[in-house]
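Worksheet: the structure to be examined is printed underneath.
Chain letters run A, B, ... following the sequence lines, proteins first and then strands; every chain starts at 1.
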Amino acid sequence: MNVYSHIKEIVAISLEYLAASDRLPHGLDATAVTVEPPRDPAHGDLATNAAMVLAKQARMNPRELGGLLAETVAGHDDVESAEVAGPGFVNLRLSPSFWRARVAEILRTGADYGASTMGAGRAVNVEYVSANPTGPMHVGHGRGAVVGDALASLLAKAGFEVVREYYINDAGAQVETLARSLHLRYREALGEEIGAVPEGLYPGEYLVPVARLIAAEDGDKWRDAAEDVWLESFRARAVDAMMALIREDLAALGVEHSVFTSERALAAAGAIDDVVTGLEARDLVYTGTLEPPKGKPPPDDWEARPQLLFRATQFGDDVDRPLRKSDGSWTYFASDIAYHLDKYRRGFATMVDVWGADHKGYVKRMQAAVKAVSNGEAALDVRLCNLVNLSEAGEPVKMSKRSGNFVTLRDVIDEVGRDAVRFIMLTRNNEALLDFDLKKVTEQSRDNPVFYVQYAHARICSVLRNAAEAFPGLELDDSSLANADLAILGDESELAMIKLLAGWPRAVESAAEAFEPHRIAFFLTDLAASFHGFWNRGNDDESLRFIVAGDADTTRSRVALARAVALVIASGLTVMGVKPVEEMR
RNA sequence: GCGCCCGUAGCUCAGCAGGAUAGAGCACAGGAUUCCUAAUCCUGGGGUCGCAGGUUCGAAUCCUGCCGGGCGCGCCA
């Protein structure tokens, strides 16, 4: 249960009741009414702004209206007290038994606790990674992969029907460059001395094994052939090999896409021609000349040239955007329009693309295009992921791409583990720069959030093990724990922990609403802090330990609470794609 | 030049659809260890939420202008 929605419902019913008994006007518009946690816990568990928001409509003073509302709401079983405060807030305290019932609810619901019906089964397409198949993934791609994957899981938990998609950019100049790079490596594999890889080709050594394989299978049949003879074959084999590499990287990260769409296949099927024809028919395409870009350095090779343009300005973009390059081929934008139309036709009116922040200038035109091809039926949301600064014990780690020997995502995963990578990638808003210190993320200390949260989970698992040992006859499975006498949980820090737990469904919904999976990491860190805090109170006061010698009832109730914390932590980590650990070593 | 993002404690950052006295960690100062894992916890000082206006019962949050930083602006994807 989402406590906030539940109380909002009670507030709404109370307002209706007051209207029915003629103490409030009928038909008040309550859409602006919210129920939120007050900043200061001294103000109660929850507060509603209803009286302030409705005062004007009702032609009443907010405190007077608040008084009526407080009196009515306080009559509900779940509400212990309600009072008007400040400018007209109604502060609510819920009954301890209501809060304790959340623990039982969590234990009965298990891993599904926090799942929401907010999405109502609506289809959402989340496209992420979509790294060009020209080499292994680097750390920046990894961030996009983690953010996209966690966002997809988050939306699924919030009740959306989610498809995780990867767009393979296997058309265009970059993959041709890749093919040429592969051919060079192929000649090398045949024994030729190639020297330094020329500027403009990919120098990475990851093409070497692919080249050797071709040499072994085909011998020298391509060596002296003209480029147009081998290009197609080398391109295809290079792309396949690179995609295999990328899929391995993704697997190492635990990221799994359900749909891979090939740009080349889309183009071959005529999708680009079709979409442009369709836009032409609606007069959204014309031939015109663009102004030179207004940037500081006027590009030296600039020449005004009429070209085929999409009327992006009609859909909120700043300028109309070119669809054809000067050599007559389609721009990347043109094929991307076709791709997004394809997604729309597959049933996705809500699309989310996760891109690198360097593509920021591309967002408006793509959103304009989605609006255009769907007649305004579909919307595209773009999440931009900023740079990751790798460091080791404070020293920046060089990531020289030019030498081809950059630190790959795989290197980092092998070094610190998948879970640490995933967690750290979600400790910042996706648009903020992220510092990733290889040393720090494996430290076992308070300032490593990965450890801190996992440690809380591990401690709880340890409590379960120890409790079973201390009280051999005690039933400690979740459904038995759900029947424990929770009335024993009366300490303020216990109730505070329960209130945090009860906030999980709301946290899921608001994170999903905002498309911000990093909020889950913050939620879990707060919950872990609350748990560690209570744990340490047991050091000072033995009666506040989870396992209380000679007191099976208290132990059972506390273990129930601990287990509920573990379930929520595990549930959150699962959204993040991190595996909860049962023991720290 | 235009567009978008950012500016919150010494540092790194949260701040939920505008709510009450702006939070956390690090760092700094002090304290808790016969302990269910002290790998943790507790206490304390520390702020003109970049600046200036506006909107309203109420603004770190929304709007406008300015300052500072980042990114983008056809033939890369």
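Residues passing the ring-ring contact (aromatic ring centres under 6.0 Å, His included) test with F534(A), sequence neighbours excluded: F546(A). In this structure R519(A) satisfies the side chain to side chain donor-acceptor pair (under 3.5 Å) test together with E516(A), sequence neighbours excluded. Legend: residues meeting side chain to side chain donor-acceptor pair (under 3.5 Å) with T350(A), ordered by chain and number and at least two apart, are absent. Partners of Y4(A) according to the ring-ring contact (aromatic ring centres under 6.0 Å, His included) rule, which considers only residues two or more places apart in sequence or in another chain, do not exist here. Judged as a side chain to side chain donor-acceptor pair (under 3.5 Å), and not counting sequence neighbours, the contacts of R383(A) are D381(A). E583(A) meets the side chain to side chain donor-acceptor pair (under 3.5 Å) test with R585(A); sequence neighbours excluded. Taking F436(A) as the reference, nothing meets the ring-ring contact (aromatic ring centres under 6.0 Å, His included) condition, with sequence neighbours excluded.
Side-chain contact between N430(A) and N386(A) is absent, with no heavy atoms from C-beta onward closer than 4.5 Å. Looking at heavy atoms from C-beta onward, V559(A) lies out of side-chain contact with R556(A) at the 4.5 angstrom threshold.
Distance L476(A) CG to C36(B) C1': 13 Å, rounded to the nearest Å. H359(A) places its NE2 atom 17 Å from the C1' atom of G70(B), with the value rounded to the nearest Å. G25(B) atom P lies 15 Å from atom CZ of F423(A), rounded to whole Å. As rounded to whole Å, 16 Å separates atom P of C16(B) from atom NZ of K8(A). When rounded to the nearest whole Å, the span between CG of D381(A) and P of C5(B) equals 13 Å. At whole-Å resolution of the value, CG in N169(A) and P in A77(B) are 9 Å apart. F522(A) has its CZ atom 17 Å from the P atom of G23(B), to the nearest Å. The separation between W535(A) atom CH2 and U40(B) atom C1' is 10 Å, rounded to whole Å.
Although no hydrogens or angles enter the test, the distance criterion places no donor-acceptor pair under 3.5 Å between the side chain of T34(A) and the main chain of E36(A). The closest donor-acceptor contact from the side chain of T313(A) to the backbone of D320(A) lies at 3.5 Å or more, if one exists at all.
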Could you pull out the protein-nucleic contacts involving nucleotides 7-12 of chain B (nitrogen or oxygen on both sides, under 3.5 Å)?
from   : atom 1 : to      : atom 2 : distance (Å)
U12(B) : O2'    : R428(A) : NH2    : 2.7

What's touching nucleotides 54-64 of chain B from the protein side, N or O pairs under 3.5 Å?
from   : atom 1 : to     : atom 2 : distance (Å)
C57(B) : OP1    : K56(A) : NZ     : 3.3
A60(B) : N6     : R39(A) : NH2    : 3.2

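Residue contacts shown for R558(A) are absent, as no nucleic acid heavy atom lies under 4.0 Å away. As judged by a 4.0 angstrom heavy-atom cut-off over every strand, N429(A) is placed among residues touching the sugar-phosphate backbone only. Counting non-hydrogen atoms under 4.0 angstrom, A511(A) reaches nothing in the nucleic acid. Contacts of A47(A) with the nucleic acid, taken as non-hydrogen atoms under 4.0 Å apart, include base atoms. Within the 4.0 angstrom heavy-atom criterion, base atoms lie near F451(A). Among the atoms of the strands shown, none is found under 4.0 Å from any heavy atom of N386(A). As judged by a 4.0 angstrom heavy-atom cut-off over every strand, R545(A) is placed among the base-contacting residues. Using a 4.0 Å heavy-atom distance criterion, G538(A) is classed as a base contact.
Residue F89(A) and nucleotide A20(B) are classified as a stacked aromatic pair, their ring centres being separated by less than 5.5 Å at an interplanar angle below 30°.
Residue order along RNA chain B, read from the 5' end via each residue's closest nucleotide, puts A432(A) first among F333(A) and A432(A). Where D318(A) and Y332(A) meet RNA chain B, the nucleotide closest to each residue was compared, and D318(A) sits on the side nearer the 5' end.
A salt bridge does not link E165(A) to K343(A): none of the charged nitrogens lies less than 4.0 Å from a carboxylate oxygen. The existence of a salt bridge linking R180(A) and E176(A) is confirmed by a sub-4.0 Å separation between a basic side-chain nitrogen and an acidic carboxylate oxygen.
Distances shown here put a side-chain N or O of S462(A) below 4.0 Å from the OP1 or OP2 atom of U37(B). Residue H532(A) places no side-chain N or O under 4.0 Å from the OP1 or OP2 atom of G25(B).
Checking U37(B), G15(B), U40(B) against every side-chain atom of N466(A), the shortest atom distance belongs to U37(B). Minimum atom distance to the side chain of H43(A) is reached by A20(B), of the listed A17(B), A20(B), U37(B). Here the side chain of K360(A) is nearest to one of U40(B), A77(B), C4(B), namely C4(B).
Spacing between C16(B) and C5(B) at atom P, rounded to whole Å, works out to 16 Å. Taking atom C1' on both nucleotides, A27(B) is separated from G19(B) by 32 Å, rounded to a whole Å. A gap of 42 Å separates the C1' atoms of U55(B) and C28(B), to the nearest Å. Straight-line distance between the C1' atoms of C63(B) and G18(B): roughly 13 Å, to the nearest whole Å. Here the separation of A60(B) from C75(B), taken at their C1' atoms, is 44 Å to the nearest Å. Of the P atoms belonging to C62(B) and G15(B), the separation is 12 Å, rounded to the nearest Å. A24(B) sits 14 Å from G47(B) when the P atoms are compared, rounded to a whole Å. Between A22(B) and G69(B), the distance separating the two C1' atoms is 24 Å to the nearest Å.
One distance of note links OH of Y286(A) with CG of L308(A); it measures 10.0 Å at 0.5 Å rounding.
When all heavy atoms of R143(A) and N429(A) are compared, the closest pair comes out as NH2-O, 3.0 Å. Across all their heavy atoms, V450(A) and F423(A) have their closest contact at CG2-CB, 3.7 Å.
The base of U33(B) is not paired with the side chain of N539(A) by any donor and acceptor separated by under 3.5 Å. A donor-acceptor contact under 3.5 Å links the side chain of N91(A) to the base of A20(B).
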Would you write out the dot-bracket form of RNA chain B, 5' to 3', with Watson-Crick and G-U pairs under 3.5 Å, [ ] for crossing pairs, | for pairs to other strands and . for unpaired bases?
(((((((..((((.....[...)))).(((((.......))))).....(((((..]....))))))))))))....
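Shown for residues 319-330 of chain A: residues whose heavy atoms fall under 4.0 angstrom of RNA chain B, namely P322(A), K325(A), S326(A).
Applying the side chain to side chain donor-acceptor pair (under 3.5 Å) definition to pairs two or more places apart or across chains, those involving residues 356-371 of chain A are D318(A)-K364(A).
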